[in-house]
Enquirer: 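Before I ask anything, let me first share the structure, which is written out below as structure tokens.
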Amino acid sequence: MNEQPLHTDDWVELDWTEWISLDPADDELASISSDPGLYRVRHQNRAGLEYIGETGRSTRGRVSALARNVYSDEMPFRDPHTAAPCLWAVRNQSGPGFEVSTATPPLADDAQDRKGLEEACIALARREMGKSPTANFGRIIPGYSQSSYRSDGYVGGPLEDGETEQNAEPGRGPIPWENPTDVTARNWMGLDWSEPYRLADRLEPELPDDGVYRIWYEGDAPPLAYIGETSAFTGRLRRHEKTFGSEALFSVAAPDGMAAKHKRTEVETDLIGAHYVSYDQPPLAQFGNGDAVADR
């Protein structure tokens, strides 16, 4: 995949549309395709990207729903769009000026491929920006309290001076893209991976408290079978044994600063994205595709 700047029309070798206003009042969103696809959001007064998303339904419908919430009078709930509260806060702080660009690649109706491509876009954006897009990973910007999901009924908004929220904690920077194609290597993506163990022997090694892991079948990698993150390796790997079988291999890595879930998810995204960039596909069973390994 190319490494053109984030805002170009061929970024990540996709055919992106021109940038148009996200503001529903400007009546430009009707030009967006109704096919499944991906979308990226930027702000005219801020560098980088504010959000990258995907949808298996109508891209126009998904983006239009996001726009209505971002430009609402009060901070929206986290559903139906988890990025809406954060983007609302950016608009409240930095003014209007959001723009959106979309892509509807040929395989966008394949959920696994589309989600893998989204992870690749986020991972490459993180590598270029040195941080995550503002509204990805369920975060909020400093100075704002985040709305809850609709069922809980809490509406967020600006905080008083000196107040903060946990979801405003800075994310984790991108991991090094070292040896990105050797997905079972001990130094894949610049991390210090453990030696491989079979899932049947998962109690043998002394595992860290939290981190990331990869699963594969001996002689088959690449592609990997799965990449994940957890704060409780033993229980997670026990559940995976039911899906992948006792003979599947796993190894783990625990880079610094992985206690917060959004930081583990950022690293997980870097790994899945690098896998997609290297092999044009996510791991075999990623995104709920357990059928890919069910007969092993």
Side-chain angles (χ1 to χ4, degrees), residues 110-120 122-123 126 137-138 172 174-296:
D110 181 322
Q112 190 188 34
D113 189 83
R114 187 183 65 251
K115 291 176 182 293
L117 186 52
E118 178 197 31
E119 296 285 270
I122 296 172
R126 280 172 45 79
F137 304 106
R172 193 189 191 285
I175 59 178
W177 281 61
E178 298 174 4
N179 196 19
T181 63
D182 194 353
V183 295
T184 60
R186 293 287 298 271
N187 66 339
W188 181 49
M189 289 293 285
L191 299 184
D192 182 18
W193 293 92
S194 72
E195 65 179 278
Y197 295 88
R198 300 191 186 281
L199 284 173
D201 302 323
R202 63 185 178 277
L203 298 180
E204 179 180 330
E206 183 177 348
L207 299 176
D209 292 333
D210 39 52
V212 289
Y213 59 92
R214 55 189 177 175
I215 297 174
W216 71 97
Y217 292 97
E218 190 169 15
D220 278 4
L224 294 173
Y226 192 78
I227 295 169
E229 59 78 25
T230 185
S231 61
F233 276 106
T234 302
R236 181 66 57 84
L237 294 173
R238 181 177 64 249
R239 292 192 292 273
H240 281 317
E241 185 179 3
K242 297 177 181 178
T243 300
F244 298 104
S246 59
E247 294 303 300
L249 301 175
F250 78 92
S251 67
V252 307
D256 293 338
M258 297 285 278
K261 181 175 176 56
H262 73 269
K263 295 182 180 182
R264 296 194 303 273
T265 306
E266 286 175 310
V267 174
E268 177 191 48
T269 293
D270 286 346
L271 297 173
I272 298 172
H275 190 290
Y276 191 98
V277 169
S278 296
Y279 298 104
D280 290 325
Q281 68 178 101
L284 293 171
Q286 209 74 41
F287 311 117
N289 191 25
D291 291 344
V293 298
D295 296 330
R296 290 180 176 272

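The first residue of the sequence shown is numbered 1, and numbering continues consecutively from there.
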Enquirer: Just say parallel, tilted or perpendicular for the rings of Tyr226 and His240, cut-offs at 30° and 60°.
Expert: tilted
Enquirer: Rounded to the nearest 0.5 Å, what's the gap from OG1 on Thr265 to CD1 on Ile272? Could you check?
Expert: 9.5 Å
Enquirer: Whether Lys261 and Glu229 form a salt bridge (side-chain N of Lys/Arg under 4.0 Å from carboxylate O of Asp/Glu) is what I want to check.
Expert: yes
Enquirer: Got a donor-acceptor contact below 3.5 angstrom from the Asn179 side chain to the Asn187 backbone?
Expert: no
Enquirer: So, taking the atom named CD in Glu247 and the one named CD in Glu241, what distance separates them when rounded to the nearest 0.5 Å?
Expert: 9.0 Å
Enquirer: Going from CD on Gln112 to CG on Leu284, what distance comes out if it is rounded to the nearest 0.5 angstrom?
Expert: 7.5 Å
Enquirer: Return the minimal non-hydrogen interatomic distance between Val183 and Tyr279, and the atom names on each side.
Expert: CG1-CE1, 3.8 Å
Enquirer: Within the side chain of Thr181, is there an N or O that forms a donor-acceptor pair under 3.5 Å with the backbone of Ser278?
Expert: no
Enquirer: For the CG atom of Asp210 and the CE atom of Met258, what is their distance to the nearest 0.5 Å?
Expert: 7.0 Å
Enquirer: Would you give the length of the straight line joining atom NE2 of His275 to atom CH2 of Trp188, rounded to the nearest 0.5 angstrom?
Expert: 6.5 Å
Enquirer: What is the distance from atom CG of Leu271 to atom CG of Leu191, rounded to the nearest 0.5 Å?
Expert: 6.0 Å
Enquirer: Tell me whether the rings of Phe233 and Tyr213 are parallel (<30°), tilted (30 to 60°) or perpendicular (>60°).
Expert: perpendicular
